[in-house]
Amino acid sequence: MSNADARPAQGHIEVKDFALSYETIDGAVAAVTETNIHVKPGEFVSIVGPSGCGKSTLLNAVAGFLKPTAGVVTVDGEKVNGPSAERGMVFQQYSLFPWKTVRENVEFGLKMRGMDRSQRERAARTLLGLAGLEAFEKHYPDRLSGGMKQRVGIVRALATGPKVLLLDEPFGALDAQTRVIMQQILTNMWQRLKISVLFVTHDIDEAIFLSDRVYCMTARPGSIKAEIPIPLERPRQQSMMMSSEFLALRRGLMSLIREESLKAMGGEINDLAMQGLTIDLHGHSLADVL
Amino acid sequence: MTSSALLRREAEPAAIAADTAEPTRAMPTPALPARSASAMAARWIKLNKERIRALLLGTISLLLFLVAWHFLTKYRVVFFVRFTNVPSPLAVHASFVKAIHDPHFLMHIALSCRRIFLGFSLAALIGVPLGLVMGRFKLVHETIFPVAEVLRPIPAIAWVPMAIMLWPTNEQSIVFITFLGSFFPILVNTLHGMSLVDPVLVRAAQCLGAQERAIFREVYFPASLPHIFTGLTVGMGVAWVSLIAAEMISGQYGIGYFTWEAYSLVQYADIALGMITIGVLGLASSLLVRAIGKLVMPWGRT
Ligand SMILES: Nc1ncnc2c1ncn2[C@@H]1O[C@H](COP(=O)(O)OP(=O)(O)O)[C@@H](O)[C@H]1O
Ligand SMILES: [Mg+2]
């Protein structure tokens, strides 16, 4: 994994004029339309949006699991044609292989690459050590807590030295404290490895705290509603989440998402109810309480 | 990547310590040398209470069964069922003692075991790979499945006349019937296991660089193993059922034949001996399959 130092020239994701519809019995259902996004080498970019807006669809297309209906996805100028070890992925459901120990899970990508046993054992041990998991290398995943599983998931995705790391709501199933720790760990790994990250979440705080830039998506069919640069300095501390700068960003994103979430709930809500809902949400907005 | 820590450990609050705490390590047993042997024994009993109870109750109920059997046969009870000719446990014991010194009896057992081994192994060697391939490739599934569905409901015993016509020797047709009995449960369970493989795991393997063959070997196969072993356990049971039936109908030798012959020769004690032997052999082979399963799947919770 010596390519880490040479990195920032690699891992440029570009999604151009992208659209994707699913074929269903009722015909094609547009999940994502007219989308253009990019991630510069070494950049940390998040996608937020109401649930069902097509975040996973977009990410899965970047990973190569889904073919775009229109447009193109490229990484470093090369068209994405299918899944590859160049693009590491971390899933919300952890997706560790239950029949492999923690170390064997981490070794998997290296094994696929044909690295011999002793070499990949050593590499996996080093990586697990860095993630504070060395004591658990012989454990099977079902003995680990959610936070540990996801740490293994991240380490496994990074083991092969991918150009980009894709994460689909990776901390969505974790409790609040563990989530904060995982965010720190991810930030640290990202800074060490200078890898490009595309991060999907529905948690606005998480997106602002982690990212250089945040894309906000519209309700389905999803497209980019706004692109918000996050100028907060790094390294970021937990305390920053109380700063006026952070809260201003938060308020802005919040109102964008709120609009879209209401749309996503359907047009049945009449104007009066809609007003009431907006006022209600506003009155209880966390930003205001803080 | 260099060896410098990716994590700033000092930045991780106490929550991570709780996170990493290993549940099984929590028991504070070692640091107490003052414990007496009796205290240790008490502790062991407390920990294994459930198992001890099960063992105790199991033994008692088996003993009660033997006692009931003894008295029913001693007084030749006739109450709907007739115990007039049923051998007593002691008579069966006597014939058992005689039989284990009889090379004929041992040969019957050896032959039955051989047939089970051959029939069951063939079924596993064909059924498991076929199930895996059918589960993975729709085309194979669509081609083979209808045939399997038509043949599956036919009990193995119904194959006896056909088997005798198909195979040149009796031995082969008995093995064939044993094979048929275990084949379908193995195939169906393997297929079921394949259909339940989590697609996210396949995706995870793909974006770690796994190609088709590696995905098959590293994901589909191990993911299906629990169901494969369910199929093997069920298949082993049906293999015995089919074997005994085949031996009784068309057999020469074998424990099923032994049991049937005992009836023809009016050696009633041997009937019960044959039955018990079949039960013990069936149980032992099921346990063997299960033990192999545990060995092959160390990740499963037990
Ligand atoms: N395989 C599929 N077939 C049909 N529709 C789908 C499929 N997968 C997702 N969708 C629909 O596409 C939309 C976007 O889904 P998804 O990308 O999973 O949203 P998100 O990740 O933002 O919650 C949703 O409305 C969903 O119902
Ligand atoms: Mg999603």
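Letters A, B, ... are given to chains in the order of the sequence lines, protein chains preceding strands, and every chain is numbered from 1.
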Ranking B:Cys207, B:Ala214, B:Ala205 by heavy-atom pairs under 4.5 Å to chain A gives rank one to B:Cys207

Counting only heavy atoms not in B:Arg51, do more than 12 sit closer than 6.0 Å to its CZ atom?
no

State plainly whether the residues B:Lys138 and B:Glu142 are in salt-bridge range, i.e. N to O under 4.0 Å.
no

Show me the donor-acceptor pairs within less than 3.5 Å that the side chains of residues 181-191 of chain B make with the rest of the protein, sequence neighbours left out.
from     : atom 1 : to       : atom 2 : distance (Å)
B:Ser182 : OG     : B:Thr178 : O      : 3.2
B:Ser182 : OG     : B:Phe179 : O      : 3.3
B:Asn189 : ND2    : B:Pro185 : O      : 2.8
B:Thr190 : OG1    : B:Ile186 : O      : 2.7

Selection from A:Lys111, A:Glu86, A:Gln238 maximising heavy-atom pairs under 4.5 Å formed with chain B:
A:Lys111

Quick one: are A:Phe136 and A:Leu144 in side-chain contact, heavy atoms under 4.5 Å?
yes

Look only at the side chain of A:Asp212 and the backbone of A:Phe44, and say whether a donor-acceptor pair between them is shorter than 3.5 Å.
yes

Is it true that a side-chain atom of A:Arg236 and a backbone atom of A:Ile208 form a donor plus acceptor pair closer than 3.5 Å?
yes

Of the backbone (N, CA, C, O) and the side chain (C-beta and beyond), which part of A:Ser84 lies under 4.5 Å from a heavy atom of chain B, both, or neither?
backbone

Where does A:Leu166 contact chain B at under 4.5 Å (heavy atoms): side chain, backbone, both or neither?
neither

Below 4.5 Å, heavy-atom pairs only: which of A:Met89, A:Arg156, A:Arg87 has the largest tally toward chain B?
A:Arg156

Of A:Tyr140, A:Phe97, A:Tyr94, the largest count of non-hydrogen pairs under 4.5 angstrom with chain B goes to A:Tyr140

Leading residue by heavy atom contact count with chain A [cutoff under 4.5 Å; candidates B:Gln206, B:Gln211, B:Arg203]
B:Arg203

